[in-house]
Amino acid sequence: MVTQQEHYDKARKVMPGGVNSSTRYLRTIGMPFYASQGRGSRITGVDGKEYLDMCCAHGAGLLGNAHPAINEALRKATEIGYVNAFETVYHEKLASVIVDTVACADKVRFCSSGSEATLHLIRACRGYTGKDKIIRVEGHFHGYHEMIFIGGHPPQSEFPRNRDQPYIESAGIPRQFAELIIPIPFNDKEALKEAIHKHADETALVILEPVNFNCAGIRADEDYLQLVRQLTAENNILLFFDEIQSAYKKSFQAAQNELGIIPDVTTIGKSIGGGLPLSAFCGKKEVMDCFSPDGQVAHSGTFNAHLIPILAGLAFMNEASAPDFYSTLQRLEKQFHSGIDKIIKKHDLNMVVPNFGARFNILMGRKTPARNYKETFCHDNQVFLSILKDCFDNGVYFHDYGGGPAHHGYSIQHTSEDIDYVLKVLEEAFIKH
């Protein structure tokens, strides 16, 4: 049987870094994790070792691995014959479910990834408003493309300059794109007012995560969201909620429904494909009708809304709408978070573990939740990597995200016994470090 190291040595000869997604390289083990099989709440490596899966496809695996409903969707796709590059009745069925469960959604289009979804919807926002600039919130993540991978996560050394010279987050992005980005701190009403006062005439959209999954699970203050909604409406600026992570994580709807703040447009993804590549962008009719053939904004692609993930999406929606689906996840949520709170209190640990439904973050270095990106600089990435390495060595897989305070979670196929074991392993790792 091949070892992880042996496969890594082979893979990096033919793939950059031995991976097809840069963040799959794990600092905890000095290589990617190569899987051979996923079943239920567990993932098995190419070396035959089994782990409890606390990554769950970065939030896309709310159904867990190899869920029977998804397996049945795949079988159905083979019977239909995939019919790639065509529309089917299944596309309309899935879109109709989203329209019914996402507050701002009058119309929907599908794509494969969250990055695609934000890219195309930003273009529509610009097409609709006739304006170019984007007000974005520090610490929030909206994809890897040139339109928005700027000014979101500057390293601490670059942070003081971010609002004057938005930090470009990847080599290869021209500096000119940064001229269209206006970074602001989260939950800062005065900074929001100032940005809109200065730039309203040239700003097409304000984009944010209502729950900042990608950085410490920071929640938006209710009055902050109310102000964002008011000021964007008053200044012909579209309000864009990026719900790639937050939609359907806590209940059978989007976070905007629960928060009672309705944006103009939104992206959803991760969970809705049941583990297959499916995202969507949606919003008010007048914005969505900017897309061709009704309008002048281009959006096409051979593999847009491929039948296989569409059928998987319908399977997910069918499972998630069952009466016991979210009540089961809520029982796991209560078990995990009451357990982790007891561990923190018992050992007087300097950390918080915020969550939204079935996803959670671990932020070290403070005892109260952060309210903005700057307040997460207390987190020690190296110590956290050591903790996650201990978990890995004891059969629990947390994706390491370079040691940052990113997100983790469980699925509908996780059991109470699984959660108990994760808590045991985490406690031992916490007190060791």
Side-chain angles (χ1 to χ4, degrees), residues 20-21 34-44 46 53 55-102 105 107-117 120 244 247-249 252-254 267-282 288 291-293 299-326 328-329 358 410-415:
N20 290 284
S21 180
Y34 295 100
S36 63
Q37 185 181 74
R39 289 289 184 274
S41 62
R42 286 167 167 73
I43 194 80
T44 303
V46 293
D53 181 8
C55 173
C56 293
H58 308 283
L62 200 59
L63 292 183
N65 298 294
H67 191 281
I70 301 302
N71 293 341
E72 174 60 22
L74 298 177
R75 185 197 62 77
K76 184 174 182 178
T78 65
E79 289 183 354
I80 296 170
Y82 312 137
V83 292
N84 187 35
F86 296 95
E87 297 292 318
T88 70
V89 296
Y90 305 107
H91 293 77
E92 180 275 327
K93 286 181 180 180
L94 183 55
S96 293
V97 176
I98 291 170
V99 167
D100 288 343
T101 53
V102 177
K107 294 188 177 183
V108 181
R109 277 203 180 179
F110 295 105
C111 57
S112 296
S113 70
S115 290
E116 288 176 78
H120 290 294
I244 292 294
Y248 304 103
K249 283 298 190 301
F252 192 56
Q253 58 186 351
T267 47
I268 60 175
K270 299 292 187 186
S271 301
I272 67 169
L276 273 72
L278 183 67
S279 293
F281 46 100
C282 45
M288 294 302 291
F291 286 109
S292 176
H299 167 244
S300 289
T302 300
F303 294 108
N304 286 353
H306 193 287
L307 180 61
I308 294 176
I310 291 293
L311 290 173
L314 281 169
F316 167 79
M317 294 299 182
N318 184 61
E319 292 296 313
S321 61
D324 62 344
F325 185 84
Y326 284 100
T328 298
L329 286 176
Y410 37 86
S411 77
I412 196 68
Q413 294 195 72
H414 280 66
T415 66

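In what follows, every heavy atom counts, from backbone to side chain, and hydrogens, waters and symmetry copies are set aside.
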The criterion is side chain to side chain contact (heavy atoms under 4.5 Å, CB included); which residues satisfy it with Glu72, sequence neighbours excluded? Arg75
Contacts of type salt bridge (Lys or Arg N to Asp or Glu O under 4.0 Å), residue Arg109, not counting sequence neighbours: none
Could you pull out all residues at least two apart from His299 that satisfy ring-ring contact (aromatic ring centres under 6.0 Å, His included)? His120, Phe281, Phe291
Closest approach of Phe303 to Asn84 (non-hydrogen atoms, all atoms of both residues): CE2-ND2, 3.4 Å
Contacts of Ala60 meeting side chain to side chain contact (heavy atoms under 4.5 Å, CB included) (sequence neighbours excluded), chain-then-number -> Ala57, Lys270
Going by side chain to side chain contact (heavy atoms under 4.5 Å, CB included), name the residues that satisfy it together with Ala66, two or more places apart in sequence or in a different chain. Arg39, Asn71
Say you draw a straight line from CG of Leu94 to CD1 of Ile98; how long is it, rounded to the nearest 0.5 Å? 4.5 Å
Closest heavy-atom pair, Arg42 versus Asn65, reported as atoms and distance to 0.1 Å, is O-ND2, 3.3 Å
If I compare all heavy atoms of Ala280 with all of Ala117, which pair ends up nearest, and what's the gap? O-CB, 4.0 Å
Is the closest side-chain heavy-atom distance between Leu62 and Ile412 below 4.5 Å? no
Would you name the heavy atoms of Cys282 and Val102 that are closest together and state the gap between them? SG-CG1, 4.3 Å
Member of His91, Lys76, Lys93 meeting the side-chain contact (heavy atoms from CB on, under 4.5 Å) criterion with Leu314: Lys93
With rounding to the nearest 0.5 angstrom, report the OH to CD1 distance, Tyr90 to Ile310. 12.0 Å
Residues that Tyr34 engages under ring-ring contact (aromatic ring centres under 6.0 Å, His included), provided they are two or more places apart: His7
Please tabulate, for the side chains in residues 315-324, all donor-acceptor contacts under 3.5 angstrom to protein atoms that are two or more places apart in sequence or on a different chain.
from: Ser321; atom 1: OG; to: Met317; atom 2: O; distance (Å): 2.9
from: Ser321; atom 1: OG; to: Asn318; atom 2: O; distance (Å): 3.0

Say whether, by atom type as modelled, one donor and one acceptor occur between the side chain of Asp53 and the main chain of Gly64 under 3.5 angstrom. no
Residue pair Tyr82 / Leu307: nearest heavy atoms and the distance that separates them: O-CB, 3.2 Å
All ring-ring contact (aromatic ring centres under 6.0 Å, His included) counterparts of Phe252, not counting sequence neighbours: Tyr248
Is there side-chain contact between Cys56 and His414, with at least one heavy-atom pair below 4.5 Å? yes
Nearest atoms (heavy-atom pairs only) where Phe110 meets Ala95: CZ-N, 3.7 Å
With a cut-off of 3.5 Å and sequence neighbours excluded, list every side-chain donor-acceptor pair involving residues 271-279.
from: Ser271; atom 1: OG; to: Gly59; atom 2: O; distance (Å): 3.3
from: Ser271; atom 1: OG; to: Lys249; atom 2: NZ; distance (Å): 2.8
from: Ser279; atom 1: OG; to: Gly114; atom 2: N; distance (Å): 3.3

Holding to side chain to side chain contact (heavy atoms under 4.5 Å, CB included), I want the full list of residues that pass it with Ser113, two or more places apart in sequence or in another chain. Ser115, Glu116
Those residues at least two apart in sequence (or on a different chain) that pass side chain to side chain donor-acceptor pair (under 3.5 Å) with Glu87 are none
Counterpart residues, ring-ring contact (aromatic ring centres under 6.0 Å, His included), relative to His306 (two or more places apart): none
